[in-house]
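Every heavy atom of this structure was used, including side-chain atoms; hydrogens, water molecules and symmetry mates were not. Owing to the predicted nature of the structure, the values given are computational and were not obtained by experimental measurement.
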Amino acid sequence: MSTAAIPHDIDPHPMTGMYNGKFGVWLFLASEVMLFGALFSTYILLRVGALDGTWPMFGAERPQGDQVLNVGLAALNTVILIASSVTMVLAWASLKMKNLAKGRLFLIFTFALAGTFLVVKYFEYSSKFHHQLIVFNNPYTIDGKEVTHLTGHIDGESEDFVNFSPDTPDGSHGEHIRIDRARIKRLHNWGPGASTFIDIYFVLTGLHGLHIIGGMIVILYLFITAGGMWKGQSEKFTNRVECTGLYWHFVDLVWIFLFPVLYLL
Amino acid sequence: MASSAEDIKKHLKVYYMVFSGLLVLTLLTVGVSRFHLSVPFAVAVALLIAGIKGSLVACYFMHLISERGMVFWILALCAFFFVALLLLPSLTMFEEGPGLIKYGTGISGE
């Protein structure tokens, strides 16, 4: 089988000013902007249309996501992702300076930081599935105070009752109380389906997480194949790292906007 | 864009400076949110900081500052449709009344 050389895979195309692969990645990123743009638009639509006291969760005093999400973990993840963007650009810079060993080192650093991001995200997701919301049929009296709903953790349950540790204002767990099931209107965790905000939170962060996994696969592939491709095709390999970097910085950029929109506003 | 090894060496310092700037702006984002400002002001400040951070990433890490030509036309088109998408809810969300659905609730407006 004959092989035809792909034009402008290293040198810039006169029309676009960049090699074809890089131009292709920019076009792909433009389509990604529209994908996330549609979801951001959905977020605005849902938030503006939410009834008072239902955003981010039933019974919320103010409409900020920090009441149900962990800002500390998200801020940590922001720092991790920014650091991974730096290691990614340093991997490309090292390859440009003909230092393969350093380039590979920065690639694996990027991979490790991406993995750390997902581990932090796992803990964040996991806490949502263990956190519960109880809505009562009628106001329930606790310590002389009437409440319509409670958030906290289930310590134990049977067919007739639920042992529940309500959240306290300082973020710790209160002493557990026994609640008759007949008084409970709704009981569910903070996973998908808990509220409109939680749903859009899982959609946006889940899609972003899938992009992280996709990027990790490509970075690992580049790390594994670096040695072989570097011999004779070093410039092409450097360009591949640059294109992957463009994608990776875009994933970082999306998170830069997701963080304040979901967690702080 | 920088092509020679010497050019790249000069750029390393810029990458570290941008990294520091992004960390400071992240701290600022979290710090400002602690003041629980009024919603329109909080949105404006948070999106302004996010915009600056995004520009730093796009300009320096993605090297957009040294690109030229067609990519800017593509991004301009993309930005136009992105803004149109974000404005789309404001064109529809005021339609409430009997028989119409109030968005986000699944409850009919009576």
Euclidean distance, [Y] [atom2] relative to [X] [atom1], rounded to 0.5 Å:
X: A/Met97; Y: B/Lys9; atom1: CE; atom2: NZ; answer: 7.0 Å
X: A/Arg62; Y: B/His36; atom1: CZ; atom2: NE2; answer: 4.0 Å
X: A/Ile82; Y: B/Leu23; atom1: CD1; atom2: CG; answer: 5.5 Å
X: A/Leu90; Y: B/Tyr16; atom1: CG; atom2: OH; answer: 4.5 Å

Discussion item. For chain B, which candidate among A/Gly37, A/Ala74, A/Ser31, A/Ala75 shows the most heavy-atom pairs at distances under 4.5 Å?
Written reply: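 The answer is A/Gly37.
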
Should [X] and [Y] count as side-chain neighbours, where that means a heavy-atom distance under 4.5 Å?
X: B/Arg34; Y: A/Asp66; value: no
X: B/Asp7; Y: A/Lys96; value: no
X: A/Met18; Y: B/Met70; value: no

Practice prompt. Using non-hydrogen atoms and a 4.5 Å limit, figure out which bit of B/Leu75 sits close to chain A: side chain, backbone, both or neither.
Written response: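 Side chain only.
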
Worksheet item: chain A heavy atoms under 4.5 Å from B/Leu86: which part of the residue, side chain, backbone, both or neither?
Response: both

Response to the item:
Whatever's closer than 4.5 Å to a heavy atom in chain B on A/Phe23 counts as side chain

Worksheet entry | Structural part of A/Ala83 lying under 4.5 Å from a heavy atom of chain B |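 Its backbone and side chain both get close to chain B.
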
Spell out the residues in [range] that have some non-hydrogen atom less than 4.5 Å away from a non-hydrogen atom of chain B, in order of number; otherwise answer 'none'.
range: residues 98-117 of chain A; answer: none
range: residues 7-17 of chain A; answer: A/Met15, A/Thr16, A/Gly17
range: residues 244-261 of chain A; answer: A/Leu246, A/His249, A/Phe250, A/Asp252, A/Leu253, A/Ile256, A/Phe257, A/Phe259, A/Pro260, A/Val261

Worksheet entry | Winner by heavy-atom pair count (cut-off under 4.5 Å) against chain A, out of B/Phe82, B/Phe81, B/Tyr60, B/Trp73 | B/Phe82

Fill in: Among the listed options B/Leu64, B/Val83, B/Leu56, the residue most often paired with chain A at heavy-atom distances under 4.5 Å
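Looking at each option in turn, the highest pair count goes to B/Leu64.
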
Practice prompt. Check step by step if ring-ring contact (aromatic ring centres under 6.0 Å, His included) holds for A/Trp92 and B/His11.
Written response: CA-CA 12 Å; A/Trp92 169 79; B/His11 276 71; 8.1 Å; no

Could you tabulate the donor-acceptor pairs under 3.5 Å formed by side-chain atoms of residues 38-55 of chain B, not counting sequence neighbours?
unit_1	atom_1	unit_2	atom_2	d
B/Lys53	NZ	B/Thr26	OG1	2.9
B/Ser55	OG	B/Gly51	O	2.7

Worksheet item: Which atoms form the tightest heavy-atom contact between B/Leu85 and A/Ser41, and what is the distance?
Response: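 Closest heavy-atom pair between B/Leu85 and A/Ser41: O-OG, 2.6 Å.
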
Worksheet item: Which heavy atom of A/Val89 sits nearest a heavy atom of B/Phe61, and at what distance?
Response: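 Here A/Val89 and B/Phe61 meet closest at CG2-O, 3.9 Å.
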
Practice prompt. Kindly check if the number of other-residue, nucleotide or ligand heavy atoms within 6.0 Å of CE (B/Met17) is above 12?
Written response: no

